[in-house]
Visitor: 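After the structure tokens below, expect a handful of questions from me.
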Amino acid sequence: MRIALTLPDGQQFEVPPGTSASEVLRLWNPTLSGSVLAAIYQDRPIDLATPLDRSGSLRPLTFEDRAGRDILQHSSAHLVAKALLETVPSALPTHGPPTDEGFFYDFDVRPLTADDLEAIRTRIQEAIHLKEPFVRRELPIDEARRLFAANPHKLRYLADTPDPVVSVYSTGSFVDLCRGPHVPDTSWLAGLHLLGVSAVHDGGREDGPMLQRIRGVGFPTVALRDQYLRQRQEAEARDHRGLAQRLELALFLEEVPGFPIWLPRGMVVVRELERYVTEHLAAAGYSEVRTPLMFPQSVFETSGHWEHYRENIFLSTVDDRVFGWKPMNCPGSMLIFRSRSRSYRELPLRWAEFAPLHRREASGTLHGLTRVREFVQDDAHLFVTEDQIEPEIRTLLEWVRSAFTTFRFEWSYELSTRPPGALGDVAQWTAAENTLRRLLEEANVPYRISPGEGAFYGPKIDIHLKDSLGRPWQTGTIQLDYQTPKRFGLEYQGADGQMHTPVVIHRTILGSWERFIGVLLEHTSGRLPPWLSPVQVRVLPIAEAHSAAAQAFLEGLRQRGIRVDRSESTESLPKRIRSAEIERIPYIAVFGDREAQDATVALRIRGTKGSLVVPVAEGIARIEGAIRSRSFDP
RNA sequence: GCCGCUGUAGCUCAGCUGGCAGAGCAGCUGAUUCGUAAUCAGCAGGCCGAGGGUUCAAGUCCCUCCAGCGGCUCCA
């Protein structure tokens with residue numbers, strides 16, 4: 001008797017039952033076998049050594065496949081666990097899944113140090129050289145319970161397993177409960193790189209016991225690892241904290257942790273972004289408001305912040321009353337709405353407020369410009385009728401698309417649903433969630449659902465950007481709120497003569513200037529679009545003799561509102577060019593004998609090679625055009 | 001807030017098992033007037049994160065605190 005295996009190209013191979021997956025794959029394509037680490041058999045991932053007993057489909061997996069990559073990451077996690085147990089025998093492994101970047105493995109063990117990691121690295125290298133196989137064994141769950149009797153974490157997983165038979169994998173003397181599959185042996189993990197160790201909360205609870213997490217990335221070869229390390233190094237060079245400092249945009253002082261200080265150049269970027277957003281607001285029917293930075297406790301009790309957000313509010317006592325620094329702008333807008341009677345004819349009311357917000361973020365979470373304690377958002381609150389919700393959100397989603405396209409970002413949407421302990425009733429939440437879902441579907445954009453991550457007053461659509469190391473940051477957000485207007489007792493008189501409660505849409509598009517600029521700096525490596533650049537043009541006379549021509553050009557630009565400066569000729573030309581390049585200035589205008597004589601300018605345009613020699617008027621027009629059109633590149 | 005690591009000149013970093021605080025860049029002064037990513041010379045710049053302890057002697061060893069970094073929790 002023989003079984004038939006169908007390969008991806010449709011070829012069939014008939015082999016005796018019990019033939020391993022790797023043997024069949026070798027028959028199919030002998031040259032491929034070196035890169036195949038596992039296989040998909042009947043839509044399920046399997047080890048290469050798995051004996052095949054029935055006819056069916058068979059597909060090879062390599063490191064290039066996401067599934068194959070995940071398998072290699074997971075095998076890497078096993079190897080780390082093995083190495084740790086050889087170093088610290090009392091360590092209890094918990095779980096070690098693959099992640100988007102690589103993998104981690106969490107251990108119940110004393111705090112691990114850099115020395116421990118070094119010892120683990122040595123053990124890993126030994127195992128890689130020994131080419132130790134990953135061996136699968138299936139055993140009855142009772143036997144598994146005896147095998148892992150000393151590890152309560154594994155016993156917990158076993159208790160959650162409905163199957164009567166589970167699988168374990170051994171690598172050398174290390175045995176781990178695991179579904180598999182795995183790479184054939186440890187030589188596949190030659191490029192394993194450890195990223196570090198940190199403490200994590202078991203089960204995601206802050207008050208839970210702490211585990212030690214070892215993170216890493218697996219690669220089948222040292223060459224691939226080195227390529228990864230190079231890329232990572234380049235990404236670190238784009239870190240906005242370094243760039244903000246070197247470009248003199250923002251300052252961080254030990255005295256004011258979490259409170260970024262905007263320097264003159266950084267303030268230019270903030271104001272230009274603000275202008276960009278404000279121009280849109282005017283066209284989209286918004287008006288601006290400004291409300292107090294502090295409110296008494298009673299206002300936050302009304303809004304629900306006191307109950308749900310108090311630990312994040314900075315408190316002050318004024319005349320024996322407790323005041324809180326506002327963490328959001330919504331209470332102020334609510335009070336304005338309530339300040340007089342409102343008619344349905346006024347709606348939608350769209351009030352923008354760019355006020356500083358204060359949030360007492362946990363000290364360990366602060367991160368350059370992207371996670372701070374004081375920031376300003378391009379915030380607005382829309383007071384709308386039921387019927388106006390959909391068109392308003394549709395418009396907002398379009399504005400999101402247009403804004404993030406301007407900056408050439410890749411962004412993603414996330415729909416966050418009702419958190420535990422939220423205000424309001426479940427039916428209304430579900431309806432609001434469904435509205436947002438429908439609008440996302442209608443806009444035909446991919447989105448993820450984050451269960452339980454909504455604001456305490458309503459579900460939201462969040463916009464996420466990634467920094468240079470791939471860490472996600474939430475920027476824009478569109479939040480649908482039925483609760484807060486009700487709590488403030490807001491009402492308007494409808495066409496029917498009855499009083500109705502408005503719905504509020506809280507929304508920011510770019511998020512906070514701080515976070516947005518931080519991520520934008522990493523996205524552009526500090527090469528901000530010309531319209532955002534603090535210095536847009538540097539004029540550079542080669543020698544004293546060319547000073548007048550340079551100055552005339554400078555004044556021509558300045559009259560048009562272009563930010564231009566000049567560097568004097570006490571330093572060499574290459575030195576001054578280099579300085580301007582390091583400062584990421586989009587245009588460098590050089591004046592020498594030729595330019596002075598021909599009434600031209602030699603424009604060095606950031607991101608292009610060589611220089612463009614054009615008549616002065618044309619040079620000015622070109623620069624002005626790029627800035628006015630807010631083009632991304634100079 | 002939790003765990004680990006780090007903190008030396010404005011910036012990037014040397015400083016060995018405790019024995020006189022260093023370099024490059026940036027800054028200032030002078031010379032050089034230059035054709036597209038570093039001209040040369042000189043000068044200045046430090047409570048070695050803060051406080052306490054051990055020691056004849058602490059940048060170095062120990063403790064506490066502060067800040068930063070990487071994760072976790074939380075979030076624009």
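Just so we're on the same page: letters track the sequence lines, and every chain starts at 1.
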Visitor: Base, sugar-phosphate, or nothing for A/Ala580, non-hydrogen atoms under 4.0 angstrom?
Guide: nothing
Visitor: For A/Leu112, answer base if it contacts any base atom (sugar-phosphate contacts may also be present), sugar-phosphate if it contacts only those atoms, and nothing otherwise; contact means non-hydrogen atoms under 4.0 Å.
Guide: sugar-phosphate
Visitor: Of the listed nucleotides (B/G68, B/A38, B/A76), which one gets closest to any side-chain atom of A/Arg578?
Guide: B/A38
Visitor: Counting side-chain heavy atoms from CB outward, which of B/U33, B/G70, B/G68 is closest to A/Thr570?
Guide: B/U33
Visitor: Looking at A/His506, does any N or O in its side chain come under 4.0 Å of the phosphate oxygens OP1/OP2 on B/A76?
Guide: no
Visitor: So what does A/Leu366 touch, heavy atoms closer than 4.0 Å: a base, only the sugar-phosphate, or nothing?
Guide: sugar-phosphate
Visitor: Around atom CZ of A/Arg360, are there more than 12 heavy atoms of other residues, nucleotides or ligands at under 6.0 Å?
Guide: no
Visitor: Treating a pair as Watson-Crick (purine N1 to pyrimidine N3 plus N6-O4 or O6-N4) or G-U wobble (N1-O2 and O6-N3) with both distances under 3.5 Å, list the stems of 3 or more consecutive pairs that involve RNA chain B.
Guide: B:1-7 with B:66-72, B:10-13 with B:22-25, B:27-31 with B:39-43, B:49-53 with B:61-65
Visitor: OP1, OP2 of B/A76 versus side-chain N and O of A/Ser512: anything below 4.0 Å?
Guide: no
Visitor: Determine the contact category for A/Lys609: base if any of its heavy atoms lies under 4.0 Å from a base atom, sugar-phosphate if only primed atoms, P, OP1 or OP2 are that close, otherwise nothing.
Guide: nothing
Visitor: Is it true that, when you exclude A/Glu248 itself, more than 12 heavy atoms of the residues, nucleotides or ligands shown sit nearer than 6.0 Å to its CD?
Guide: no
Visitor: Any side-chain hydrogen bond (donor to acceptor under 3.5 Å, both in side chains) involving residues 398-407 of chain A? Give me the pairs, sequence neighbours left out, ordered by first then second residue.
Guide: A/Tyr276-A/Thr406, A/Glu398-A/Arg401
Visitor: Quick one: is A/Arg359 getting a side-chain N or O under 4.0 Å of the B/C74 phosphate, OP1 or OP2?
Guide: no
Visitor: Please check if the number of heavy atoms outside A/Arg156 that lie under 6.0 Å from its CZ is greater than 12.
Guide: yes
Visitor: Planes under 30° and centres closer than 5.5 Å, is that true for A/Phe375 with the base of B/A76?
Guide: yes
Visitor: Using side-chain hydrogen bond (donor to acceptor under 3.5 Å, both in side chains) as the criterion, point out the one residue from A/Gln377, A/Lys326, A/His381 that pairs with A/Glu353.
Guide: A/Lys326
Visitor: Taking RNA chain B as the partner, which of residues 241-272 of chain A come within under 4.0 angstrom of it by heavy atom?
Guide: A/Arg241, A/Gln245, A/Glu254, A/Pro257
Visitor: Just how far, in rounded Å, is P of B/G4 from CG of A/Leu194?
Guide: 19 Å
Visitor: Among B/U73, B/G35, B/C3, which is the nearest nucleotide to the side chain of A/Thr365?
Guide: B/U73
Visitor: For B/A21 and B/A50, measure between their P atoms and round to the nearest Å.
Guide: 16 Å
Visitor: Take atom P in B/A57 and the same atom in B/G18, then report the distance between them in whole Å.
Guide: 15 Å
Visitor: Measure the distance from NE2 on A/His193 to P on B/G70 and round it to the nearest whole Å.
Guide: 14 Å
Visitor: Does A/Glu410, at its CD atom, have more than 12 non-hydrogen atoms belonging to other residues, nucleotides or ligands within less than 6.0 Å?
Guide: no
Visitor: Scan A/Gly592 against the nucleic acid and name what it touches under 4.0 Å (heavy atoms): base, sugar-phosphate only, or nothing.
Guide: base
Visitor: Under 4.0 angstrom, heavy atoms only, what part of the nucleic acid is A/Arg604 near: base, sugar-phosphate, or nothing?
Guide: base
Visitor: Taking the nucleotide of RNA chain B with the nearest heavy atom to each, does A/Ser198 or A/Gly454 sit closer to the 5' end?
Guide: A/Ser198
Visitor: Between the base of B/C75 and the side chain of A/Arg515, is there a donor and acceptor pair under 3.5 angstrom?
Guide: yes
Visitor: In whole Å, what is the span from the CZ atom of A/Arg371 to the P atom of B/G68?
Guide: 13 Å
Visitor: Both A/Arg594 and A/Leu469 contact RNA chain B. Which one's nearest nucleotide lies toward the 5' end?
Guide: A/Arg594
Visitor: Please tell me which of the listed nucleotides, B/U36, B/U32, B/C74, lies nearest to the side chain of A/Val590?
Guide: B/U36
Visitor: Is the shortest side-chain N/O distance from A/Arg471 to OP1 or OP2 of B/G70 below 4.0 Å?
Guide: yes
Visitor: Of all the nucleotides listed (B/A76, B/G70, B/U73), which has the minimum atom distance to the side chain of A/Val372?
Guide: B/A76
Visitor: Go through B/A37, B/C75, B/U33 for me and flag the one nearest to the A/Pro574 side chain.
Guide: B/A37
Visitor: What is the distance, to the nearest angstrom, from the CZ atom on A/Arg215 to the P atom on B/G70?
Guide: 10 Å
Visitor: Return the CG to CD1 distance between A/Leu79 and A/Ile124, rounded to the nearest 0.5 Å.
Guide: 5.0 Å
Visitor: Could you state the atom-to-atom distance from CD of A/Glu311 to P of B/C2 in whole Å?
Guide: 16 Å
Visitor: Heavy-atom count check: over 12 atoms from other residues, nucleotides or ligands less than 6.0 Å from A/Arg271 CZ?
Guide: no
Visitor: Of the options B/A37, B/U33, B/U39, whose atoms approach the side-chain atoms of A/Ile577 most closely?
Guide: B/A37
Visitor: Can you name the closest pair of heavy atoms from A/Trp429 and A/Thr417 and give their distance?
Guide: CZ3-C, 4.1 Å
Visitor: Any donor and acceptor pair, going by atom type alone, linking the side chain of A/Gln536 with main-chain N or O of A/Pro530 inside 3.5 Å?
Guide: yes
Visitor: Counting just side-chain N and O atoms, does A/Lys575 come under 4.0 Å of either OP1 or OP2 of B/A26?
Guide: yes
Visitor: Base, sugar-phosphate, or nothing: which does A/Glu581 touch, judged by heavy atoms less than 4.0 Å apart?
Guide: base
Visitor: Hey, does A/Asp379 reach any base, or is it just sugar-phosphate, or nothing, if we go heavy atoms under 4.0 Å?
Guide: nothing
Visitor: Taking the six-membered ring of A/Phe104 as reference, does the cationic atom of A/Arg213 (NZ for Lys, CZ for Arg) lie under 6.0 Å from its centre and within 45° of its axis?
Guide: yes
Visitor: Applying a 4.0 Å non-hydrogen cut-off, can you work out what A/Thr508 is touching in the nucleic acid: base, sugar-phosphate, or nothing?
Guide: nothing
Visitor: Over all heavy atoms of both residues, which pair between A/Ser569 and A/Pro541 is shortest? Give the atoms and the distance, please.
Guide: CB-O, 4.0 Å
Visitor: Rounded to whole angstrom units, what separation is found between the CD1 atom of A/Ile605 and the P atom of B/U36?
Guide: 17 Å
Visitor: Between B/U32 and B/C20, how far apart are the two C1' atoms, rounded to whole Å?
Guide: 39 Å
Visitor: In whole Å, I'd like the distance from the CD atom of A/Gln212 to the C1' atom of B/G4.
Guide: 7 Å
Visitor: Measure from CE on A/Met210 to P on B/G1 and round the result to the nearest Å.
Guide: 14 Å
Visitor: How would you label the contact of A/Glu571 with the nucleic acid (heavy atoms, under 4.0 Å): base, sugar-phosphate, or nothing?
Guide: base
Visitor: Which nucleotide wins on minimum distance to the side chain of A/Arg213, given the candidates B/C75, B/G35, B/G71?
Guide: B/G71
Visitor: Under 30°, 30 to 60°, or over 60°: which ring-plane class applies to A/His305 and A/Phe456, parallel, tilted or perpendicular?
Guide: perpendicular
